[in-house]
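Structure, as structure tokens:
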Amino acid sequence: GSAGRLHLERRVTTTMSAIGFLVLLVIAIIALMLLMTKVKLNPVMSLFVVALGFGVTLGIFGTEGYSFMETLTLITTGFGNTLGSLGMPIILGAVLAMGVQDTGAAKSIANFFIRLFRGKNLELAPSLTAYVVSIPVFGDITTILCSNIANVLGKRKHISMSTMASFTQTGLNLTHAMVPPTPGILAVSVALSADLGMVISWGIVITVITFFLTWLILKRWTAKEWIPAVPAVTAEIKETSSDEVSDLIIKDKDLPNTFASFLTILIPVILIAGGSFVGMLIPESTPDDAMVRTLVAIASDKVVALSMGVIYTMFLALAHKASVRKSNLDATGKDPQSFREVVLNSWIARGMEVALIALLVTAMGGGFSQVIKTFPGINDLALLIQDSGVPGLLIPFLVGAIMMTAVGSMTTAGVTAVGVVAPMMDLLGLEPVSTALAIGAGTLIFNHVTNSGFWVVSKFFNLDLKQGLKYITIPDAVAGVIGFICVFILASVGLLH
């Protein structure tokens with residue numbers, strides 16, 4: 001009797017606490033959207049204000065909430081920790097992007113895909129180039145690199161920009177959402193202590209399947225509306241009905257060969273993923289093995305792996321000085337006398353400019369995440385979900401989607417989603433690798449006007465707002481759902497451990 005009543009009272013209190021926490025979280029997310037879209041407050045400051053307000057409000061309403069100073073300490077701790085674990089990888093990724101752009105590696109990768117598909121289905125050339133380039137390079141830079149390829153091929157083969165935009169940005173966002181060392185999924189994997197090599201390997205398998213399924217499902221639908229290429233980019237390009245590969249490839253002087261171009265991106269990916277596999281294969285017993293493990297751990301460290309990619313790309317630049325000088329001059333308006341200055345100074349300065357916003361937004365997302373995940377009431381929410389019988393893996397996916405809808409940055413959405421999901425993992429029986437990938441798939445859902453990338457894609461692919469919602473938001477949502485189904489199936493058969 002009395003024990004049962006006590007248990008029931010506890011259940012009611014737990015449910016009330018969980019629902020209260022959820023309501024406050026929803027209010028915080030709406031406040032975040034309004035600050036960014038209506039008040040036009042910078043995303044970094046918007047996150048700070050909302051995190052502070054959320055923490056203090058929890059303190060007022062919650063029995064075990066925080067004081068103002070405790071909230072402030074949590075935000076700065078989360079900010080510092082995130083910056084500490086991701087600062088260097090984000091900067092190195094941005095510097096690598098400058099190298100990929102200046103050496104012409106992205107164009108060579110596009111030419112590889114044009115040859116591969118023998119001049120047919122040419123939307124796949126910029127799409128798969130974006131898929132590959134987006135792994136270590138930021139979304140916005142990948143968009144700019146690949147949009148030129150998409151515009152040129154679109155005009156030459158009379159392919160609507162609705163088709164080009166849909167699949168180029170789907171390819172880009174799939175690896176952006178689900179394959180480290182892209183900052184968002186890297187931050188999520190690190191925060192969940194997921195094995196990076198496993199996240200990369202399964203992330204690639206899942207995103208390749210997802211990309212081609214999305215393409216097959218939406219291909220005919222995207223071709224229904226005619227949107228011309230951006231006139232400024234394609235003024236000198238002539239249309240052709242030719243399927244000859246030689247008429248379609250990008251003929252810039254001094255492009256690096258295909259293998260050399262792919263290496264700029266594959267070096268960091270292979271080092272990080274390879275490190276995980278070697279780590280699994282080598283026993284920890286003998287001193288010789290310990291030595292090998294140490295060397296592998298160094299080589300597969302995300303900072304070391306990305307540094308190797310940067311160093312390789314700097315050597316590649318030496319073989320293509322003319323292209324690099326021209327591209328750097330176009331980007332900066334400066335042409336330093338010493339070539340070393342382009343590679344060792346200009347690339348890094350340009351990379352830093354690009355990295356700064358991503359870095360600060362991600363770090364402040366980490367601050368907000370810290371406030372969420374430290375709150376004791378989050379366990380009540382986990383219990384509530386556990387009792388509801390909803391499949392556990394659906395939770396990280398939905399939380400990722402909700403955060404993406406609100407904050408508009410896949411990176412920030414992923415990092416803040418971890419704050420909600422990480423404390424519940426044990427109760428819901430979730431594994432780190434599948435949880436990280438489910439959050440990643442969730443961050444593809446509802447990519448819309450709160451995302452700066454939405455506007456960048458719209459601008460470079462000649463889309464107005466309505467067309468943007470059709471050819472960016474819908475393909476990404478389709479890809480997100482397919483991606484999650486793949487994660488769910490693989491996790492169900494026990495492959496994502």
Side-chain angles (χ1 to χ4, degrees), residues 14 17-19 21-26 28-29 32 47 51 54-55 58 74 78 81-82 85-86 177-178 180 182-196 198-199 202-203 206 362 365-407 409-446 480-481 483-484 487-488 490-492 496-497:
T14 303
S17 158
I19 291 169
F21 177 75
L22 252 184
V23 168
L24 283 179
L25 192 57
V26 170
I29 289 169
L32 196 55
L47 277 161
F54 182 67
L58 282 179
L74 282 171
N81 290 346
T82 309
S85 63
L86 291 180
M178 296 178 79
T182 305
I185 185 68
L186 179 66
V188 170
S189 306
V190 170
L192 297 174
S193 306
D195 183 310
L196 265 187
M198 294 294 282
V199 180
W202 284 113
I206 290 163
T362 308
F368 186 22
S369 173
Q370 190 77 22
V371 175
I372 298 170
K373 70 183 178 203
T374 317
F375 185 65
I378 204 158
N379 290 328
D380 301 337
L381 190 57
L383 284 167
L384 195 66
I385 294 164
Q386 195 188 16
D387 291 348
S388 71
V390 171
L393 203 53
L394 199 59
I395 303 306
F397 173 70
L398 292 174
V399 173
I402 291 163
M403 291 299 179
M404 178 61 195
T405 307
V407 299
S409 148
M410 287 186 175
T411 307
T412 315
V415 176
T416 42
V418 168
V420 178
V421 174
M424 306 181 181
M425 283 174 61
D426 287 347
L427 267 173
L428 298 177
L430 296 175
E431 298 281 345
V433 174
S434 50
T435 306
L437 289 167
I439 289 176
T443 62
L444 281 159
I445 307 287
F446 217 49
V481 171
F484 174 70
V487 174
F488 191 81
L490 288 169
S492 303
L496 299 182
H497 284 324

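Residues take their numbers from the sequence shown, with the count starting at 1.
Separation of atoms CG (L496) and CD (E431) is listed at 9.0 Å; rounding is to 0.5 Å. With rounding to the nearest 0.5 Å, the separation of CE in M198 from OG in S434 is 10.0 Å. Separation of atoms CG (L427) and CD1 (I395) is listed at 12.5 Å; rounding is to 0.5 Å. In this structure, CD1 on I29 lies 7.5 Å from OG1 on T416, to the nearest 0.5 angstrom. We find the CG-CG distance between L192 and L437 to be 10.0 Å, quoted to the nearest 0.5 Å. To the nearest 0.5 Å, the span separating CZ on F54 from CZ on F375 amounts to 7.5 Å.
In this structure a side-chain-to-backbone donor-acceptor pair under 3.5 Å is present from S85 to T82.
Shortest non-hydrogen contact noted between G414 and I439 is CA-CG2, 3.9 Å. In terms of heavy-atom proximity, I206 sits nearest to G483 at CG2-O, 3.8 Å. The minimum heavy-atom distance between L196 and S189, with the atom names listed, is CD2-CB, 3.8 Å. Between V487 and L393, the shortest heavy-atom distance links the atoms CG1-CD2, 4.1 Å. Closest heavy-atom contact between F397 and G480: CE1-O, 3.6 Å. Considering every non-hydrogen atom in both I372 and V420, the closest pair reads CG2-CG2, 3.6 Å.
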Just do the side chain to side chain contact (heavy atoms under 4.5 Å, CB included) check on F484 and I445 with the steps written out, would you?
CA-CA 10 Å; F484 174 70; I445 307 287; over 6 Å; no
Run the side chain to side chain contact (heavy atoms under 4.5 Å, CB included) test on F488 and L394 for me, step by step, so that the C-alpha distance in whole Å, both residues' side-chain angles and the decisive distance to 0.1 Å come before the verdict.
CA-CA 8 Å; F488 191 81; L394 199 59; over 6 Å; no
Can you check side chain to side chain contact (heavy atoms under 4.5 Å, CB included) on L444 and M410, steps first, answer last?
CA-CA 7 Å; L444 281 159; M410 287 186 175; 3.7 Å; yes
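The residue from L74, T412, V415, L47 that alone fulfils the side chain to side chain contact (heavy atoms under 4.5 Å, CB included) condition with F368 is L47.
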